[in-house]
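Order of the sequence lines sets the chain letters (A, B, ...), proteins ahead of strands, with each chain counted from 1.
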Amino acid sequence: MDYQFKTIEKKWQRFWASNQTFKVNNTSDKPKYYVLDMFPYPSGAGLHVGHPLGYIASDVFSRYKRLRGYNVLHPMGYDSFGLPAEQYAIQTGQHPAITTERNINRYREQLDNIGFSFDWSREIRTSDPSYYKWTQWIFMQLFNSFYNTASDKAEPIDTLIHVFEKEGSAGVRAVCDEDVLTFSADQWRHFSEQEKAAELLKYRLAYLKESTVNWCPALGTVLANDEVKDGVSERGGYPVIQKKMMQWSMRITAYAERLLQGLDTVDWPEPLVEMQRNWIGKSIGASVKFTLAGMDDQSIEVFTTRVDTIYGVSFLVLAPEHELVPHITTDEQRGHVDNYIEQTKKKSERDRMADARSVTGAFTGSYAVHPLTGKQIPVWIADYVLAGYGTGAVMGVPSGDQRDYLFAKHFQLPILKILDTQAIEEEADSRKEGVYINSELINGLSYQEAVPKLIAVLEERGIGKAKVNYRMRDAIFGRQRYWGEPVPVYFKDGLPHLIKEEELPLLLPEVDKYLPTESGEPPLGRAVDWKYQGSYEYELSTMPGWAGSSWYWYRYMDAHNSAHFASEEAINYWQAVDLYIGGSEHATGHLLYSRFWNKFLKDIGKVQEEEPFKKLINQGMIQGRSNFVYRLLDENGVGTNTFVSFGLKDQYRTIALHVDVNIVNNDVLNLDKFKASRPEYAQAEFILEEGKYVCGHEVEKMSKSKFNVVNPDDIIEQYGADTLRMYEMFLGPLEQSKPWNTNGIEGVHKFLRKFWRLFHDASGNFSVSDAAATKAELKSLHKIIRKVEDDIERFSFNTSVSSFMICVNELTDLKCNKRAVLQDLVIVLSPYAPHICEELWSLLGNEAGTLSYTAYPTFNPEYLVEDEFEYPISFNGKMRLKINMSLSLDVKDIEQEVLANEDVQRYLDGKTPKKVIVVKGKIVNVVV
RNA sequence: GCUGAAGUGGUGGAACUGGUAGACACGCAGGACUUAAAAUCCUGUUCGCCCAAAAGCGAGUGCGGGUUCGAUUCCCGCCUUCAGUACCA
């Protein structure tokens, strides 16, 4: 029998499913290993060939780990709340739950075709009430917690109340809003319940706050910073504006330092770690207060990383949105200032970036007093100062900062030299070399000496202090959408209250339409009679997309637990994800939020690990490879029905059109399929080269509109799942982005057929011999045993595939059909090509299904020991010939033998070598 | 601008700690089998020069330098591509 991949693959996929081969227990004598894929959002388009790349890699790894004796948790599920389903619902009126269910079924079918070893009994869906019950539960814990900076962890809000009752606000060290009140214990006790609740909200980790948000009118919702790219929404590309709204937020900034520190403890790709560091954006410096001249009770606080340049300050700049601006603008300047603010508002974020180099600003007319010199310095506003960063105000030091320099030049403000080595004729000089001049207290000191001295003085006088600033902002947690988790909160007297824990889950109510209400409330406002205890308004916004994905790896540990999000035993057993594979597009969203929730869950004693994902790998993006045909244009530039082959197109006037890559093979167009593809092409004519129509090609994003989408189902239909799996791995290094090109898949398919033939005689009958293996056969086998071991441990899957080919080529040449060799080879190949290996494993007489849990063969280095080596002999580093010599020869013998060699003498041409370098077992280099 | 990754045949890529550059495939060319095709198998395939052929010679891992007996690998400078980020004080 020939290699019948279709029958074999269906057979084993059914076998695995009905025998629950990959179901895993939460108890085992074996060591545990947790391999996780970033779960997909089930979109309507289904999977294309790029999606499974990471899943295949993680599956190979999981199967390998099982063979190495690990108890492997390898689950899959769906991130099934999200915008596309809702947009579709708005257009069609179909409930998102229905389309989501349909998409999930489609995904599952496609995933099953590839032969993954997922434990499907643990499948989760974030939109399932039994799942989002626990997302809501975690929200409640966040609401009931505050961040105690003294203990450096989250603690119950009751602890805070207790402190307020005993010591008032003075005893508290917590991360909180800026506008918290100062009160004594006595005052606290006299607060009304209302006042207390309002004050506590300023401390909770999940809190309501009036904040400026990214409002997307087209989507009718708020977006997080990482969901906005270049001033438009990441999904859909709609304009985003700034708007003030009452919003749920997550106090992720409380964890900024721990999120930063944790990065040193994880094994993640450097670029990704770097992105998170930048996102957190820690900068160490000082805050300094500048009192306003003539207004002793008003001061401007600035943040600076170069407090040493304080004597070089010649102006202050506020963000146009800064709250002091209206107060300090003098009447004479008000026109200018208002005008400038108006202009800034009109500029979109895009414009502001576009003319980043032009200098603009307006003088407020007010002056601040330099805290050390007492000199008056003008206060300006300019849009290069951002309201959202630091204090929204900077001290202008033109000698040390290029933007300040340009600003000072433009508005003719003084530029003061403050270091003796500073060169400021052309531009600012930010170096810290030399000693300070014109700087009273620190004159003659170096940078290292000046900073501590200044900080000490500022602190002593109460005008400044050392400060660490983070770029990261608290995360907005509300979306004015339907298809998300309802927030388990109702409002009483305008203040939020949690529903009771036993009332979870708070189910998503039915609505008549998935649009905002006439009064502009979110879709949930349409739900009829949806009130807590029949009378209190529920929160009408839902949670953002990242809520459900910020803890899902714990649910897999114990997916059906109805009493806890996962049992303590399960969490203690599985602990954290050992290997996480997914795309780098989640670098600052999902991966940051997940780490945040994980740290919180640890603080409240629910989980063990500070970091949830020990090792992380980013699979590269699979890009599309588009094909083009070239339509001939007539003299008027109108398209004809004639198409010119790629090599001839420059001789004609043509226009390039995308053509479906599925009717192109190795860039050669299938003419019949092309004619059949569209009615207008039925009569198409072609100008061919060498009888063929050759298409042009280009690498682009894989998308329907570019006709370059390749569906894994089609590949599987033609070549089988094992071929698809191996080919995806063969394409190149996992982490590298690369275009999908079906050219070349034949090679992998041929390899599998060749592998199959090792076990079969010329007439296709299964035939293996029990004879003892020869030295050459064992060498081949043990080479691959070691190679695959090495490769998988360093995630170099592509090189394994090549090595398998080499091995099978060698065994074919040796005409090897020995069980002693082939049985082990089946085990080694099985993580990559599980179906064919299961079939051969059972043909070899092994019990069906035991392959997945058998032991990986032990590598024996003895089989690789050689007693001879063919030494490459190079002259001045250039390899010229090879000489076979015994490996027992020592360096001297080798040198002698090499120099005695006739060919070597010929190369030397009578000259005496200057030196002969011999590296035993490697190379000989003759220096002439 | 800054940060990170990467530049190797016609194509995907290999060379793991400085030691035979181009493994393994695709494609292409030629051949065997076949009435024919498919499938399969064999041979060749970095480029240039030389040759009937065997062989030989020269160049060669983005570009220019350096270290070294020896560099795709290490160092310095530059160029290009991709990704992230963007007035961060």
Can you figure out which of U40(B), G70(B), U20(B) approaches the side chain of Arg757(A) most closely?
-> U40(B)

Could you tell me the separation between the NZ atom of Lys289(A) and the OG atom of Ser299(A), rounded to the nearest 0.5 Å?
-> 5.5 Å

Same-atom distance (C1') from G30(B) to U35(B), integer angstrom | 22 Å

Which of the following nucleotides, A89(B), U40(B), G13(B), is nearest to the side chain of Arg753(A)?
-> U40(B)

With sequence neighbours excluded, give me every salt bridge (charged side-chain N to carboxylate O under 4.0 Å, His left out) pair touching residues 272-282 of chain A.
-> Glu257(A)-Lys282(A), Asp264(A)-Arg277(A), Glu270(A)-Arg277(A), Glu274(A)-Arg277(A)

In whole angstrom, give the distance that lies between atom CG of Asn618(A) and atom C1' of A83(B).
-> 11 Å

Candidate nucleotides A15(B), A89(B), U20(B), ranked by approach to the side chain of Thr799(A) - the nearest = A15(B)

Any chance you could lay out the side chain to side chain contact (heavy atoms under 4.5 Å, CB included) test for Trp279(A) and Met275(A), step after step, and finish with the verdict?
-> CA-CA 6 Å; Trp279(A) 192 261; Met275(A) 273 188 243; over 6 Å; no

Scan Lys282(A) against the nucleic acid and name what it touches under 4.0 Å (heavy atoms): base, sugar-phosphate only, or nothing.
-> nothing

Rounded distance in Å between the P positions of G60(B) and G70(B) = 15 Å

Base, sugar-phosphate, or nothing: which does Glu870(A) touch, judged by heavy atoms less than 4.0 Å apart?
-> nothing

Between Gln736(A) and G13(B), does any side-chain N or O lie under 4.0 Å from OP1 or OP2?
-> yes

Provide, to the nearest angstrom, the distance between the CG atom belonging to Asp2(A) and the P atom belonging to A38(B).
-> 17 Å

A71(B) to C87(B) separation - C1' atoms, rounded to the nearest Å | 43 Å

Quick one: sort the Phe755(A) and Phe751(A) rings into parallel, tilted or perpendicular, breaks at 30° and 60°.
-> parallel

Rounded to whole Å, the CD-P distance (Glu585(A) to U85(B)) equals 12 Å

Could you tell me the separation between the CZ atom of Arg306(A) and the C1' atom of A89(B), rounded to a whole number of Å?
-> 11 Å

Would you classify Glu274(A) as touching base, sugar-phosphate or nothing, given that sugar-phosphate means primed atoms plus P, OP1 and OP2, and contacts are heavy atoms under 4.0 Å?
-> sugar-phosphate

Taking the P atom of each, how far is C69(B) from C78(B), in whole Å?
-> 28 Å

Winner on side-chain proximity to Asn925(A), out of U85(B), G70(B), C87(B), is G70(B)

Side chains of Glu301(A) and Thr391(A): is there a donor and an acceptor less than 3.5 Å apart?
-> no

Rounded distance in Å - CD (Gln623(A)) to P (G12(B)) | 12 Å

Sequence neighbours excluded, the answer for side-chain hydrogen bond (donor to acceptor under 3.5 Å, both in side chains) partners of Ser314(A) is none

Residues in ring pair (Phe, Tyr, Trp, His ring centres under 6.0 Å) with Tyr832(A), at least two apart?
-> Phe804(A)

Sticking with atom P, work out how far U61(B) lies from A53(B), rounded to a whole angstrom.
-> 29 Å

Lys783(A), NZ atom: more than 12 neighbouring heavy atoms under 6.0 Å = yes

Nearest to side-chain heavy atoms of Thr305(A), which nucleotide of A5(B), A89(B), G19(B) | A89(B)

Is the shortest side-chain N to carboxylate O distance from Glu866(A) to Lys779(A) below 4.0 Å?
-> yes

Scan nucleotides 72-75 of chain B against the protein and return all N/O pairs shorter than 3.5 Å with their distances rounded to 0.1 Å.
none

Integer-rounded Å distance: U20(B) P and Met879(A) CE = 9 Å

Anti/syn call for G30(B), syn if |chi| within 90° | anti

Describe the nucleic acid contact of Asn741(A) in one word from base, sugar-phosphate, nothing, applying a heavy-atom distance below 4.0 Å.
-> nothing

If you look at every strand shown and take non-hydrogen atoms under 4.0 Å, does Asp667(A) touch a base, only sugar-phosphate, or nothing?
-> nothing

Which is true for Pro269(A) with a 4.0 Å heavy-atom rule: it touches a base, it touches only sugar-phosphate, or it touches nothing?
-> nothing

Can you list the residues that meet the ring pair (Phe, Tyr, Trp, His ring centres under 6.0 Å) rule with Trp380(A), with sequence neighbours excluded?
-> Phe363(A), Phe407(A), Phe411(A)

If you look at every strand shown and take non-hydrogen atoms under 4.0 Å, does Val927(A) touch a base, only sugar-phosphate, or nothing?
-> sugar-phosphate

Salt bridge (Lys or Arg N to Asp or Glu O under 4.0 Å) filter on Arg471(A), not counting sequence neighbours, yields none

Search all heavy atoms of Asn884(A) against all heavy atoms of Glu868(A) and return the closest pair with its distance.
-> ND2-OE1, 3.3 Å

With sequence neighbours excluded, give me every side chain to side chain donor-acceptor pair (under 3.5 Å) pair touching residues 744-754 of chain A.
-> Tyr719(A)-Glu746(A), Thr723(A)-His749(A), His749(A)-Arg753(A), Lys754(A)-Asn809(A)

Can a salt bridge be assigned to the pair Lys892(A) and Asp890(A) using a cut-off of 4.0 Å between side-chain N and carboxylate O?
-> no

What distance, rounded to whole Å, do you find between the two P atoms, one in C42(B) and one in A6(B)?
-> 37 Å

In the 5'-to-3' direction, what one-character label does each nucleotide of nucleotides 24-33 of chain B receive under the scheme B = base within less than 4.0 Å of a protein heavy atom, S = sugar-phosphate only, - = no such atom?
-> BSSS------

Return the set of residues passing side chain to side chain contact (heavy atoms under 4.5 Å, CB included) with Gln896(A) (not counting sequence neighbours), or none when no residue passes.
-> none

If we take the P atom in both U73(B) and G9(B), what is their distance in whole Å?
-> 15 Å

Result for 5'-nearest mapping on RNA chain B, choosing between Gly732(A) and Pro872(A), is Gly732(A)

Of Asn901(A), Val924(A), Asp903(A), the one forming a side-chain contact (heavy atoms from CB on, under 4.5 Å) with Ile873(A) is Val924(A)

Looking at residues at least two apart in the chain, or sitting in another chain, which of them share a side-chain hydrogen bond (donor to acceptor under 3.5 Å, both in side chains) with Gln736(A)?
-> none

Write down the distance separating the C1' atoms in G1(B) and C74(B), rounded off to the nearest Å.
-> 29 Å

Below 3.5 Å between N/O atoms, which protein atoms pair up with nucleotides 53-63 of chain B? Just atom names and distances, please.
| residue | atom | partner | partner atom | Å |
| --- | --- | --- | --- | --- |
| G60(B) | O6 | Lys878(A) | NZ | 3.3 |

Taking CG from Asn876(A) and C1' from G70(B), how many angstroms apart are they, rounded to a whole number?
-> 9 Å

Stem ranges of RNA chain B by first residue number, counting only runs of at least 3 Watson-Crick or G-U pairs under 3.5 Å, come to B:1-7 with B:79-85, B:10-12 with B:24-26, B:27-32 with B:40-45, B:46-49 with B:56-59, B:62-66 with B:74-78

Most 5' of Val919(A) and Asp813(A) on RNA chain B, judged by nearest nucleotide | Val919(A)

